[in-house]
Amino acid sequence: MLQSALFTKTRKEIPADEVSKNAILLIKASFVNKEMAGVYSYLPLGLRVIKKIEAIIRDEMNKAGGQEVLMSVFHPKENWEKTGRWNSMDDLYKVKDSSDREVALGPTHEEMVVPLVQQYVNSYRDLPLSVYQIQNKFRMELRAKSGILRGREFIMKDMYSFHKDEEDLKNYYEKMQVVYKNIYDRVGIGHQTYMTFASGGSFSKFSHEFQTVTEAGEDTIYIDEEKGIAVNKEVLNDEVLAELGIDRSKLVEKKAIEVGNIFELKTKYSAPFDMVYKNENDENITIIMGCYGMGVSRLMGTLVEVCSDDKGIIWPEAVAPFLIHLLPLGVSENVSEEAKKIYNEFSKKGFEVLLDDRSLNAGEKFADADLIGLPYRVVVSERSLKEGGVEVKRRAEEKGEVMAVDKFIEMLKA
Ligand code: ATP
Ligand code: MG
């Protein structure tokens, strides 16, 4: 893509009330636009990141047997009354239309997915089953001061699984723990993301959060490095530690962001809807459920919090909006001709390139490249051409290296 054609430009000004690092960098680099507290629009560069994160999540969900759906954002009030959450959930958005009909804006979809799946599942032969979606969710968050980490409108992946018994749920739930780890590895934060034991609510002892360690986090977790797991501060007590076989003296306290949360719901939502299946003996049995949430936009914000420096963002390759930022420098015709050729060469080979074809000076182009944070900065100048090619610098490194374009392409392929 030609940078001159990108409709957004990097910005110096940010909204006065924006205090979080992720939002400040994402607004300056024009990945997102702030509409109001906790509400953001995604611009071309930002949407490319979201799509890449989503593609990784979809791939892993499909491999785990999930079938993708897209449920409605408007939820009938009756569904929420059935589970008691119309009155008990304080962050639920309730909307009234001109005929005084009330609906909820979906903050999560148990109240929708249960009556939906119920229509198709009758017998033990229909189970197990899992469905998921990636969708905007709405929650009346009071503290919306963390940029896209805590939106009032935000993008979530939510999966729901349905089983004939607790044993089958347990097997699937353990498989999903591995799937979640794979996703965090693939987006580039696996090494600092811990599976964390948290309260399970009324239906199971624990739920499992996936927590990424960073000072920007709102949660406090206690990590056992040797075991590679953590315990949320809210559930930390001697009984829990004994059960997990964790020695309190080994725990290290850290701030962390909850990037995912999985629950064994069991019959919590199936029972209120009387969701049953017929077993081999033709008896009605209440269906057992699990749910698996992951904040897609929060994951993007987390990446910015943990992969950035004072100059800007440092995108991991797997989710970067483009792989290469190609920067022709100077006013020479020859340089811009060469840059076009190199751009075509990269594109032909399937590498995603952003070509900064604007007439700006080197300092301005470098500053924008650092802010936007693509993994490779490739400079074409009279000097680099004289020295035999282009100057390649990784965003995360200080120094670049001049090399032939072919050699760089070989390097990328490797
Ligand atoms: P939190 O404790 O941070 O409010 P939660 O327990 O309410 O999170 P869940 O209901 O389990 O979150 O939602 C699943 C996932 O969706 C979370 O693990 C998180 O990654 C993401 N998420 C939840 N609330 C928000 C929000 N307001 N903005 C962005 N992402 C969110
Ligand atoms: Mg919440």
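Throughout, residue positions are numbered sequentially from 1 according to the sequence presented. All values reported here derive from a predicted model rather than from experimental measurement. Whatever order the structure lists ligands and atoms in, that order sets their numbers, starting from 1. The figures that follow rest on heavy atoms only: side chains count, while hydrogens, waters and symmetry mates do not.
Those atoms of ligand 1 with a heavy atom of Arg150 less than 4.0 angstrom away are 1 (P), 3 (O), 4 (O), 26 (C), 27 (N), 28 (N). Taking every heavy atom of Asn261 and a limit of under 4.0 angstrom, the matching atoms of ligand 1 come to 6 (O), 11 (O), 18 (O). Taking a cut-off of under 4.0 Å to the non-hydrogen atoms of Glu141, the atoms of ligand 1 that pass are 24 (N), 26 (C), 27 (N). The Gly260 neighbourhood of ligand 1 comprises atoms 18 (O), 20 (O), with distances under 4.0 Å to a heavy atom of that residue. Listed by atom number, the atoms of ligand 1 under 4.0 Å from Gly151 heavy atoms are 26 (C), 27 (N), 28 (N), 29 (C).
Contact between Asp357 and Ser4 at its shortest, heavy atoms only, is OD2-OG, 2.7 Å.
Protein heavy atom closest to atom 13 (O) of ligand 1, with residue, atom name and distance, is Met156 CE, 3.6 Å. In terms of protein heavy-atom proximity, atom 30 (N) of ligand 1 is closest to Phe154 CD1, 3.3 Å. At the top of the distance list for atom 21 (C) of ligand 1, counting protein heavy atoms only, stands Gly295 CA, 3.6 Å.
Each of Lys393, Lys407, Arg377 was compared with Glu401 under the salt bridge (charged side-chain N to carboxylate O under 4.0 Å, His left out) criterion, and only Lys407 meets it.
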side-chain contact (heavy atoms from CB on, under 4.5 Å) between Ile288 and Leu127, worked out: CA-CA 10 Å; Ile288 301 293; Leu127 296 170; over 6 Å; no

CA sep, side-chain torsions, deciding dist, call: His208, Phe197, ring-ring contact (aromatic ring centres under 6.0 Å, His included): CA-CA 5 Å; His208 294 83; Phe197 289 81; 4.7 Å; yes

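Nearest-residue assignment for atom 10 (O) of ligand 1 (options Arg298, Arg139, Glu153; heavy-atom criterion): Arg139. Nearest to atom 8 (O) of ligand 1 by heavy atom, out of Glu258, Arg143, Gln211, is Glu258.
At least one heavy atom of Val259 sits closer than 4.0 Å to an atom of ligand 1. At a 4.0 Å cut-off, not a single heavy atom of Asp158 sits close enough to ligand 1 to count as contact.
The distance criterion of under 3.5 Å between nitrogen or oxygen atoms is not met by Ser297 with respect to ligand 1. Between Ile148 and ligand 1, not a single N/O pair is under 3.5 Å apart.
Within the model, atoms CG of Asp219 and OG1 of Thr214 stand 12.0 Å from one another, a figure rounded to the nearest 0.5 Å. Atoms CZ and CD1, from Arg186 and Ile183 in turn, are 8.0 Å apart once rounded to the nearest 0.5 Å.
Within 6.0 Å of atom NZ in Lys63, more than 12 heavy atoms from other residues, nucleotides or ligands are found, so the atom counts as buried in its surroundings. Other residues, nucleotides and ligands contribute more than 12 heavy atoms inside 6.0 Å of the NZ atom of Lys365.
Using the six-membered ring where Trp is involved, Phe408 and Phe346 have ring planes that are perpendicular, over 60° apart on the 30 and 60° scheme.
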